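Just so we're on the same page: letters track the sequence lines, and every chain starts at 1. A quick note: this is a predicted structure, and the numbers were derived from the prediction, not measured.
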Amino acid sequence: MKRTHQCGLLRSEHVDQEVTLCGWVNSYRDHGNLVFVDLRDRSGLVQIVFDPEYNSQSHLQSRTLRCEWVITCRGRVRPRGQGLENPKLPTGQIEVIVDWMELLNTAKTPPFDTDTAAQVNEELRLSYRYIDLRRRSMQDRLRVRHRTAKITRDYFDEQGFWEIETPMLGKSTPEGARDFLVPSRLYKGMFYALPQSPQLFKQILMVSGCERYFQIVRCFRDEDPRADRQAEFTQIDVEMSFVDAEDVMTVNERLIARIFKEILDVDVSLPILRMTYAQAMDEYGIDRPDLRFEMKLKDLSDIAKASAFKVFTSVVEKGGVVKGLCAPGGAKFSRSDIEKTLTDFVADFGAKGLSWFKIEPNQSGQGLELKSNLAKFFTPAQQQEILARFHAGPDDLILMVADTREAANKALAPLRVRLGKELGLVREGEYRFTWVVDFPLFEWNENEKRFDSLHHPFTSPVPEDLGKLDSDPAHIRSQAYDLVVNGSEIGGGSIRIHDPKVQAKVFDLLKITQKQAQERFGFFLRALEYGAPPHGGIAFGLDRLVMLLTKTENIRDVIAFPKTQRGQCLLTEAPSEVDASQLEELNLRVQKHLHQVEKEREL
RNA sequence: GGGGCCGUAGCUCAAUUGGUUAGAGCAUCGGACUGUCGAUCCGAAGGUUGAGGGUUCGAGCCCCUUCGGCCUCGCCA
């Protein structure tokens, strides 16, 4: 059964060679005498021919074949006759005339056809993942994922990084996402947590003198999934000593450029654009702007404040803003498109309303004017100011949200993306990268009356803002950076705090007491006291990166064995109940059992 | 925890206002066929309409409950 060639790689140059192939029957066409089979292996398809006059025994065998049966065969490569080539197949110039075959395995009729599987109910595809993964498009994505990991390992190796594994069974820290817990058998009543990321371990590796670390590592966050998010996902995790933010960005943008070049043949021009967080929020309302189209947000608060429209004036007086965008050609939307569809859309993101103006030539035909139920509240001069601010043209549509700055941005950012796609403004096929830098170190948590870390509690402030730790914590910038492409955050990191005194101060502002800090990360704070070098790093979401590289919208498409939105694996049916004896060993009772116990007590 | 969409044959879908025996294409099974390549032609088989309950003379369709899938808000340091 020694395989000599892969099906999909046979070409005219192999004509007259004797080949032995292995694979699955992709399809068969039985003409009674001549039988054609498209044989498939990982490399692709090739047509093999069974001719009773060439070899009667294998021809007889071939007539019993069915789709997805597994065979091996030997035959001679020959050119197809004139007019018989199949231009749809890379192997379509040739075929293999078979003189011997062996059936390696039969197969049940698959629950769905591999060639139409893309349209099949995903639930079924997940239950029979091994069949779904036989498809070309699925294998292509697995291959891109492999290639990306391989390029990453080669690149970091060349740059002097070591791939070092960190524990999967770790210590639970209540900050951040919900942990997945693993009960300890040897320490009854105690739990490990699966890592949300190897954050503290990689920093400790810097204290250990490893200087340059990376890891392609599985991470776990027990939060509700989304199209681009799974509880279990993979990071390209990086940490470096004796570096500043620029050093980290430079090393890592070169990796990204190499990946895009090798996988997509896309040239990423270096250095990648740097944009401040403040600019991103002002112009795009979000810290991960899609730069494939313009339609920037504008602040109209000054004009709105002077208008006669009460909703606007009162919002601005209360410290809010009126922000908006100008959708080119958006005047074609009907009033119900705007007041129903788009207003409902922004309402999902918390906006209380959506105000609008259509731009039309004025009656004299000399200039432009605003048309809407709001226009009467704005003087002609104010209207011209609004037009000028947006550089608005005829048939444009201005949409505005009046609210707190945060709320207005939160509604306008997704609205901008939606309109960009709907109006065809997004330059598809382009990859627009930017680093977003100068994030605030903290954001104020109104409910808890304290600051929260925007990034994480180990992120270093920029040196010149260190003084504000006491005086003005809300305006401290951090040495954090996110890499954004086409509105998707594919990585983020920071320079870390290596001074225990600064770290203590930050915990203080986060209202983490010394006692709590010692309990949760005492091991790490102690490490910082033993000669921690200045260090920083970054982590990329491998899944999202591969989604971009394969142009898929769904994270399940780039994971071999993904979970459903409720965290189930439909192939293995995990999670599942466990034996009572397993629980016993772990000194655990599940609530169902507790209820049972309580009931018995009552009786 | 909230909102939205969906569930009919193995698969993809149809089924008039609530009305006869729930149909079609593909797949499957049987037969025919020497150049097909999404083969073709003839024939057959295939259904607890996700599940449970209700309204009705009558439910795939209306109502309630429930299970599952997807998208999303919250959540994701």
Side-chain angles (χ1 to χ4, degrees), chain A residues 26-39 45-54 59 63 66-68 78 80-89 91-92 95 97 108-128 131 173-179 196-197 199-200 219-231 233 344-351 410-411 414 439 441-443 445 451-459 478 480 489 492 494 506-507 510 512 520-521 539 541 553-556 563-566 568 570 573:
Chain A
N26 197 69
S27 61
Y28 58 90
R29 296 171 290 281
D30 182 350
H31 287 244
N33 279 310
L34 271 188
V35 173
F36 301 96
V37 169
D38 287 342
L39 189 64
L45 298 177
V46 70
Q47 172 165 286
I48 61 178
V49 186
F50 297 87
D51 185 336
E53 291 174 14
Y54 192 83
H59 173 258
R63 298 202 65 193
R66 293 294 179 268
C67 285
E68 301 305 324
R78 68 183 189 193
R80 296 203 189 182
Q82 197 154 25
L84 299 175
E85 304 89 352
N86 184 352
K88 291 182 199 161
L89 289 181
T91 58
E95 63 192 9
I97 178 76
K108 291 174 81 170
T109 303
F112 51 87
D113 305 345
T114 45
D115 40 330
T116 55
Q119 285 102 60
V120 172
N121 178 4
E122 195 178 4
E123 205 174 337
L124 189 74
R125 290 168 42 202
L126 289 171
S127 303
Y128 292 89
I131 294 171
T173 52
E175 287 77 28
R178 198 175 292 117
D179 281 326
Q196 295 180 26
S197 83
Q199 185 62 34
L200 296 181
C219 301
F220 305 87
R221 296 180 188 170
D222 189 6
E223 300 292 347
D224 289 356
R226 287 288 183 279
D228 63 348
R229 219 166 75 189
Q230 277 274 282
F233 63 101
D344 284 354
F345 178 74
V346 294
D348 281 346
F349 298 91
K410 203 165 182 181
F439 281 81
L441 188 62
F442 300 120
E443 60 186 347
N445 182 332
F451 288 102
D452 279 341
S453 290
L454 202 71
H455 198 61
H456 59 55
F458 315 106
T459 302
S478 71
E489 183 211 317
S494 63
V506 168
F507 282 147
L510 296 172
I512 298 174
R520 292 177 200 170
F521 359 81
E553 297 285 305
N554 198 299
I555 194 168
R556 292 182 300 279
K563 299 198 167 44
T564 68
Q565 191 151 60
R566 296 199 50 209
Q568 239 190 333
L570 295 181
E573 296 182 320

Within the pair [X] and [N], is there a side-chain N or O less than 4.0 Å away from OP1 or OP2?
X        : N      : answer
A:Lys88  : B:rG38 : yes
A:Arg226 : B:rC71 : no
A:Thr116 : B:rC11 : no
A:Arg221 : B:rA77 : yes
A:Asn33  : B:rU34 : yes
A:Arg29  : B:rU34 : no
A:Asn554 : B:rC71 : yes
A:Arg556 : B:rC71 : yes

> B:rC13 and B:rG18: how far apart are their P atoms, nearest whole angstrom?
Replying inline: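 24 Å, rounded to whole Å.
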
> If you measure from the Lys or Arg side-chain nitrogens to the Asp or Glu carboxylate oxygens, is any gap between A:Arg29 and A:Asp38 under 4.0 Å?
Replying inline: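 A:Asp38 and A:Arg29: salt-bridged.
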
How is [X] classified with respect to the nucleic acid when contacts are heavy atoms under 4.0 Å: base, sugar-phosphate, or nothing?
X        : value
A:Asn121 : sugar-phosphate
A:Lys410 : sugar-phosphate
A:Thr91  : nothing
A:Gln119 : sugar-phosphate
A:Leu124 : sugar-phosphate
A:Gln565 : base

> Rounded to the Å, how far apart are A:Ile97 CD1 and B:rG35 C1'?
Replying inline: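 Checked: the CD1 to C1' distance equals 11 Å.
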
> In whole angstrom, what separates A:Gln568's CD from B:rC70's P?
Replying inline: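 Between P of B:rC70 and CD of A:Gln568: 9 Å.
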
Does the base of [N] carry an N or O that pairs as donor and acceptor with the side chain of [X] under 3.5 Å?
X        : N      : answer
A:Gln82  : B:rG35 : no
A:Asp224 : B:rG74 : yes
A:Arg78  : B:rG35 : yes

> Choosing from B:rG38, B:rG30, B:rU36, which nucleotide comes nearest the side chain of A:Arg66?
Replying inline: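 Selected nucleotide: B:rG30.
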
